[in-house]
Amino acid sequence: MPRAPLRQRLLPAILILAAAPAAAAPPGAEISDGFESGRIDPKVWAPCPRSENRFFIEETVVRSGRYAAGMALLPDGTMPPAILPAEVARRRSGCLDTAPGAVFKPEDDQRAELWLQSIQPAGADSWFGFSFRIDSPDAGAGGNRLVVGQWKQSSSQSPILAQRFKGGAFHLTLEQATASPGQQCRVLVAWQDGYDFSDFPAGTRSFLHGGAEELDVELPSAPAGECARGLAIDRQAILPSPFGAWVDMVVHLRVAGRPDDLVEVWADGQPVVAVRGPVGSPAARDQYFKFGPYRDPSPAPLVVRFDDFSRGDSFAAVDPRRFDK
């Protein structure tokens with residue numbers, strides 16, 4: 001039978017009004033959430049409700065404990081029911097609760113993101129740990145942009161660190177401010193075996209762009225010396241694939257657009273990359289984390305599961321593998 005049009009196949013997401021923004025947290029403020037309460041806690045997370053997504057609690061496919069969080073794009077009947085609505089203050093951009101009467105259009109981006117309520121000042125020295133997996137065979141097909149996990153600064157610019165996928169291959173990018181007004185530089189710092197480097201020219205593995213999350217926009221090459229300036233990148237291992245398998249991530253960030261910035265990433269307990277040098281914008285005041293799929297339009301259902309999240313002050317405090325001991 002022919003498939004119904006995309007708009008007819010979208011299941012309405014339950015409207016979840018996100019919690020009001022918390023004050024900036026101290027640099028060492030610790031948060032731990034393995035979703036063992038059996039819910040997505042609105043004091044910790046602000047879901048981004050849109051008609052193409054669903055947020056749910058997972059009891060079958062978990063990293064540890066009894067529960068995990070789930071988020072789906074174009075969910076079908078195999079998904080658990082949506083989480084109950086939370087009637088709290090609005091705040092998230094790009095979500096239906098911040099645009100009353102907004103209607104999802106198939107040509108728009110698609111997203112199912114949880115925003116961490118607690119923000120931090122720029123330059124905070126913080127460790128993040130979590131486990132995630134993607135259970136959608138067609139989600140990585142083609143060249144469509146897919147991002148699952150972002151660390152952002154207080155602006156509309158691209159994430160300072162992003163977990164990206166192209167052709168099904170996992171890779172990590174950083175952003176740098178540039179001397180060119182209205183532009184920033186994207187730098188490839190880690191990748192999965194088999195990654196297609198066509199977007200990142202040899203040498204600096206970077207390019208200049210307009211500083212926002214453009215969809216399907218051809219980005220120009222960077223002038224010599226404009227990108228990856230001042231960065232020392234120590235690549236130590238390739239990234240594992242999260243398609244059909246849990247991947248344990250640990251990320252250490254100290255980012256304020258300064259020469260002493262530091263980004264370190266581990267996957268499944270192995271060091272992947274360490275980057276020293278200016279990352280992001282020196283003008284940013286705050287930084288925050290959000291997790292979940294964000295992609296160019298696609299008719300392929302996509303399911304991401306998320307477990308054992310922590311933000312703390314050391315590797316040992318956030319490593320998801322601590323639950324295996």
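Predicted, not measured: the structure shown is a model, and the values here were computed from it. Both backbone and side-chain heavy atoms feed into the values below; hydrogens, waters and symmetry mates do not.
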*Tell me whether Met249 is reachable from Trp127 by hopping between hydrophobic residues (I, L, V, M, F, W, Y) whose side-chain heavy atoms are closer than 4.5 Å.*
no
*Rounded to the nearest 0.5 Å, how far apart are OG of Ser126 and CG of Asp313?*
8.5 Å
*asked:* Set out, in order, the CA-CA distance, both residues' side-chain angles and the distance that settles side-chain contact (heavy atoms from CB on, under 4.5 Å) for Ile31 and Leu116, then state yes or no.
replied: CA-CA 10 Å; Ile31 299 172; Leu116 187 65; 4.2 Å; yes
*Look at Asp248 together with Arg63 and state whether they make a salt bridge at an N to O cut-off of under 4.0 Å.*
yes
*Does the Asp308 side chain pair with the main chain of Ser131, one donor and one acceptor, at a distance under 3.5 Å?*
no
*Spacing of CD belonging to Gln270 relative to CG belonging to Leu239, to within rounding of 0.5 Å*: 12.0 Å
*asked:* Is there a side-chain contact between Val272 and Trp266 in this structure, where contact means two heavy atoms from C-beta onward sitting under 4.5 Å apart?
replied: no
*Taking all non-hydrogen atoms of both residues, which atom of Pro242 and which atom of Phe165 are closest, and how far apart?*
CG-CE2, 3.6 Å
*asked:* With side chain to side chain donor-acceptor pair (under 3.5 Å) as the criterion, how do Arg311 and Ser118 come out once you've worked through the C-alpha distance, each side chain's angles and the decisive distance to 0.1 Å?
replied: CA-CA 10 Å; Arg311 190 185 73 192; Ser118 175; 3.1 Å; yes
*Name the one of Val304, Val303, Asn53 that satisfies side-chain contact (heavy atoms from CB on, under 4.5 Å) with Leu73?*
Asn53
*Salt-bridge contact Arg258-Asp260 (side-chain N to carboxylate O under 4.0 Å)*: yes
_With a 4.5 Å cut-off on side-chain heavy atoms, are Leu262 and Val275 touching?_
no
*Would you say Phe128 and Val250 make side-chain contact, with heavy atoms under 4.5 Å?*
no
*Trace of the side-chain contact (heavy atoms from CB on, under 4.5 Å) decision for Arg321 with Asp268*: CA-CA 8 Å; Arg321 298 176 306 149; Asp268 291 340; 5.8 Å; no
_Between Gln287 and Ser154, do the side chains contain a donor N or O and an acceptor N or O under 3.5 Å apart?_
no
*If you draw the axis of the six-membered ring of Tyr294, does the NZ or CZ of Arg111 fall within 45° of it and under 6.0 Å from the ring centre?*
yes
*asked:* Measuring centre to centre across the rings, with the benzene-like ring taken for any Trp, is Trp191 within less than 6.0 Å of Phe170?
replied: no
*Would you say Glu36's side chain and Tyr67's backbone share a donor-acceptor pair under 3.5 angstrom?*
yes
_Closest non-hydrogen atom pair between Ala122 and Ala256, with its separation_ = C-CB, 4.4 Å
*Is it true that a side-chain atom of Asp319 and a backbone atom of Phe315 form a donor plus acceptor pair closer than 3.5 Å?*
no
*How far apart are the closest heavy atoms of Gln192 and Ser241, and which atoms are they?*
NE2-CB, 3.4 Å
_Quick one, Leu174 and Ile160 - any side-chain contact, counting heavy atoms below 4.5 Å?_
no
*Cluster question for you: counting only ILVMFWY and a side-chain heavy-atom cut-off of under 4.5 Å, with indirect links fine, are Ile134 and Ile238 together?*
no
*Spell out, as yes or no, whether a donor-acceptor pair under 3.5 Å connects the side chain of His171 to the backbone of Arg164.*
yes
*Looking at side-chain heavy atoms only, is the closest gap between Arg305 and Asp135 below 4.5 Å?*
yes
*With side chains defined as the heavy atoms from C-beta onward, is the minimum distance between Val265 and Leu172 less than 4.5 Å?*
yes
*What's the shortest heavy-atom distance between Ala177 and Ser281, and which atoms?*
CB-CA, 4.2 Å
*Salt-bridge test for Arg54 and Asp76: reply yes if a basic N is under 4.0 Å from a carboxylate O, no otherwise.*
no
*Take Thr173 and Val187, measure what side-chain contact (heavy atoms from CB on, under 4.5 Å) needs, and give me the verdict at the end.*
CA-CA 5 Å; Thr173 62; Val187 184; over 6 Å; no
*The single option from Lys152, Arg186, Gln153 passing side-chain hydrogen bond (donor to acceptor under 3.5 Å, both in side chains) against Glu175*: Arg186
*Phe309/Phe132 aromatic ring centres below 6.0 Å*: no
_Nearest-0.5 Å distance, CG of residue Asp125 to CD of residue Gln120_ = 9.5 Å
*Determine, for Arg39 against Asp41, whether the closest basic-nitrogen to carboxylate-oxygen distance falls under 4.0 angstrom.*
yes
*Pro293 to Val148 - nearest heavy-atom pair and separation*: CA-CG2, 4.0 Å
_Inter-residue atom distance Leu253.CG - Leu161.CG, 0.5 Å rounding_ = 6.0 Å
*In terms of the angle between their ring planes, are Trp45 and Phe306 parallel, tilted or perpendicular, with boundaries placed at 30° and 60°?*
perpendicular
*Determine, stepwise, if the pair Val263 / Val255 fulfils side-chain contact (heavy atoms from CB on, under 4.5 Å).*
CA-CA 7 Å; Val263 177; Val255 170; 3.8 Å; yes
*asked:* Testing the basics here: between Arg322 and Ala317, what is the closest heavy-atom pair and its distance to 0.1 Å?
replied: CZ-O, 3.4 Å
*May I have the step-by-step check of side chain to side chain donor-acceptor pair (under 3.5 Å) for Glu30 and Ser310, ending in yes or no?*
CA-CA 7 Å; Glu30 296 185 2; Ser310 297; over 6 Å; no
*Would you give the length of the straight line joining atom CZ of Phe56 to atom CD1 of Ile83, rounded to the nearest 0.5 angstrom?*
10.5 Å
*Using modelled atom types only, decide if a donor and an acceptor are shared between the side chain of Gln176 and the backbone of Ala228 within a distance under 3.5 Å.*
yes
_NZ/NE/NH1/NH2 to OD/OE distance under 4.0 Å, Lys166 and Asp199_ = yes
*Would you check if the distance from the ring center of Phe130 to the ring center of Trp246 is below 6.0 Å?*
no
*Are any of the side-chain heavy atoms of Phe291 and Met71 separated by less than 4.5 Å?*
yes
_Ring geometry between Phe197 and Tyr195 (parallel below 30°, tilted from 30 to 60°, perpendicular above 60°)_ = perpendicular
*State, with a plain yes or no, whether a side-chain heavy atom of Glu113 is found less than 4.5 Å away from one of Trp115.*
yes
*Output the distance between atom CG (Leu74) and atom OG (Ser136), rounded to the nearest 0.5 Å.*
9.5 Å
*Hydrophobic cluster membership, Phe243 vs Val247, 4.5 Å side-chain cutoff*: yes
_Donor-acceptor contact below 3.5 Å, side chain Asp307 vs main chain Val62_ = no
